[in-house]
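Here's the structure, in structure tokens; my notes come after.
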Protein chains: 4
Amino acid sequence: MAGETIITVVGNLTADPELRFTPSGAAVANFTVASTPRMFDKNANEWKDGEALFMRCSIWRQAAENVAESLQKGARVVVTGRLKQRSYETKEGEKRTVVELDAEEIGPSLKYATAKVTRASRGSSGFGGNSGGGGGGQSEDPWGSAPSAGGGFSDEPPF
Amino acid sequence: MAGETIITVVGNLTADPELRFTPSGAAVANFTVASTPRMFDKNANEWKDGEALFMRCSIWRQAAENVAESLQKGARVVVTGRLKQRSYETKEGEKRTVVELDAEEIGPSLKYATAKVTRASRGSSGFGGNSGGGGGGQSEDPWGSAPSAGGGFSDEPPF
Amino acid sequence: MAGETIITVVGNLTADPELRFTPSGAAVANFTVASTPRMFDKNANEWKDGEALFMRCSIWRQAAENVAESLQKGARVVVTGRLKQRSYETKEGEKRTVVELDAEEIGPSLKYATAKVTRASRGSSGFGGNSGGGGGGQSEDPWGSAPSAGGGFSDEPPF
Amino acid sequence: MAGETIITVVGNLTADPELRFTPSGAAVANFTVASTPRMFDKNANEWKDGEALFMRCSIWRQAAENVAESLQKGARVVVTGRLKQRSYETKEGEKRTVVELDAEEIGPSLKYATAKVTRASRGSSGFGGNSGGGGGGQSEDPWGSAPSAGGGFSDEPPF
DNA sequence: TTTT
DNA sequence: TTTT
């Protein structure tokens, strides 16, 4: 393919994803991402929310199943794929058109997630969720899950 | 800001992220994403890997800590942010320039993740890792983690 | 602003741009870009058109005037800006929502333009149109407008 | 192809494009785009230039010839294509790597161009150039080239 | 190394 | 119709 309109949307799920299957058994998940831009209000001297973009998305196969399993209403995600237009007819026989994102890849955003993962859980249960609403108590980390970091920051070359 | 060059990269971490702190205590994580395009070879009639793009990335604050905690070498990610150029001098005094992605958001890709999440773990331990290479044994799901799906697929309007 | 959904669309104008002015005198041009992806049909062993995306666009100020002056139905363009959603009510009182591209920059594509520019015209009349369908007779170039090129191609470093 | 890193850069040519030909006769144009972000300085309460990104670009075939013909140093452009990395060896035998934009489409930006096009020139000489520095006197427009606009602005539905 |  |  060439010449598609590629787009990346960052935002929160407006509801739990819906998982369906085609007659031939292929999984497809549908969900809507609310993307809210922030703008700096010079007068109020503060950040304010702009108007949200609600982008309907669909994703296929294994990714669809993973999305349905691991994402819930409120989850913040990064989604990328092709912008498409779909035509359909209303019950009244009117023709309508919707813009959708045919997602190629999606991931739960790590921007605000605060879940601390214990060293013990690393490699077994993995990253502790990203549900915007929920959260969910993480167990204590007896070894201290602080980043191993080490050393001060310096502005040295990157490789 | 306006007029930045926004970019989204999808690929796998070439190594574990490195977490550092600025003198003032702000966290920054650095990592490289290898993005390998696939192209259809008409002659061989099969998909082949193109040449990988290795994109150096940095991410700040809470996201940096989350990245360091939850992503490892091999993890497939979706990263979006601003493309930047950074100048530095080699030890020999030569001036060089590197292109980097100043990441705004990142998420572990759900495309190939096969980790099944038990119903029990939903809401507590969350999504079970995404390390491209690794994996890591997931616990059995006694209730069957099959998508609740239900209903046949149809091509109906999206809302 | 931060967190907007940035998008680039490449395609052809479905009609001449419409230029309007706000009460305060600001110019705004509206137009629709038809973006047609191409996909390789493995069976037919040839490229075929995919389904077009029709993206409604608006652009402001000087750019709006330039667009109205220099672009016509059929012109191929590269447009980039923010994806937005706009709500409105139909005459029947129904609420509808449309996705639009609030364009920041636009340029007539140089991909297929065949207009030859005479050396004489360089710097005065400039580039000779870009109407996808039309074309339009260009004047002869008495000196030969062939690229000065020179030298064979080599794969040397880029700077 | 799938999984490429698509990117759009907006900025000004740092020099005239260089046109070359492969041994087999294919045209390729090389040029660098300087993309300068603008950021609002809250303290100074004014817009300031950020640090420029200098993106090396190449474009092929007809587009290459058109670029060489119609764009000059300083021209503002919108370029979109695939981000690539190219390896080469310095004369000293060192291996280096550069990031480049393999451009698919490019157009001279209509954002700031002020050239007025007479009705007479429409369809013959076309749009009056976009050379950042130049400008170039346009002839008078005897019929008045004012946008036909008409009617006040209203916020009505887009189709 | 460019531009408003 | 979501989130910090």
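Keep in mind that the numbers below use all heavy atoms, side chains included, and drop hydrogens, waters and symmetry copies. Below, chain A is the first sequence line, B the second, and so on; all start at residue 1.
Environment of CZ in D:Arg96: crowded, with over 12 heavy atoms of neighbouring residues, nucleotides or ligands closer than 6.0 Å.
Distance, C:Gln62 CD to E:dT4 P: 12 Å, rounded to whole Å. In this structure, D:Arg38 atom CZ and E:dT3 atom P are separated by 14 Å, rounded to whole Å. Between the P atom of E:dT4 and the CZ atom of D:Phe40 lies a distance of 21 Å, rounded to the nearest Å. The distance from atom CD of A:Glu51 to atom C1' of F:dT2 is 14 Å, rounded to the nearest whole Å. One atom, CG of D:Asp16, and another, C1' of E:dT3, lie 15 Å apart when rounded to the nearest Å. Rounded to whole Å, atom C1' of E:dT2 lies 14 Å from atom CD of D:Gln72. Rounded to whole angstrom, the span from the CH2 atom of D:Trp47 across to the P atom of E:dT3 amounts to 21 Å. Taking atom CG on A:Leu13 and atom C1' on F:dT4, their separation rounds to 15 Å, with Å as the unit.
Here D:Phe54 counts as stacked on E:dT1: its ring centre is under 5.5 angstrom from the base ring centre and the planes meet at under 30°.
Residue-level contact check: D:Ala15 touches neither bases nor backbone, having no heavy atom under 4.0 Å from any strand.
Distances from the side chain of A:Asn12 to the nucleotides F:dT2, E:dT1, E:dT2 place F:dT2 closest. Closest to the side chain of A:Asp49, from the set F:dT1, E:dT2, F:dT3, is F:dT3.
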Step by step, work out the side-chain hydrogen bond (donor to acceptor under 3.5 Å, both in side chains) result for B:Glu104 and B:Thr80.
-> CA-CA 6 Å; B:Glu104 192 61 41; B:Thr80 190; over 6 Å; no

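A:Asp41 has a carboxylate O that lies under 4.0 Å from a charged side-chain N of A:Lys48, or vice versa, which qualifies the two as a salt bridge.
Interatomic distance, CG of D:Asn12 versus CZ of D:Phe31, reported as 12.5 Å (0.5 Å rounding).
Interface remark: the D:Thr36 side chain does form a donor-acceptor pair with the E:dT2 base, using a distance-only criterion of under 3.5 Å.
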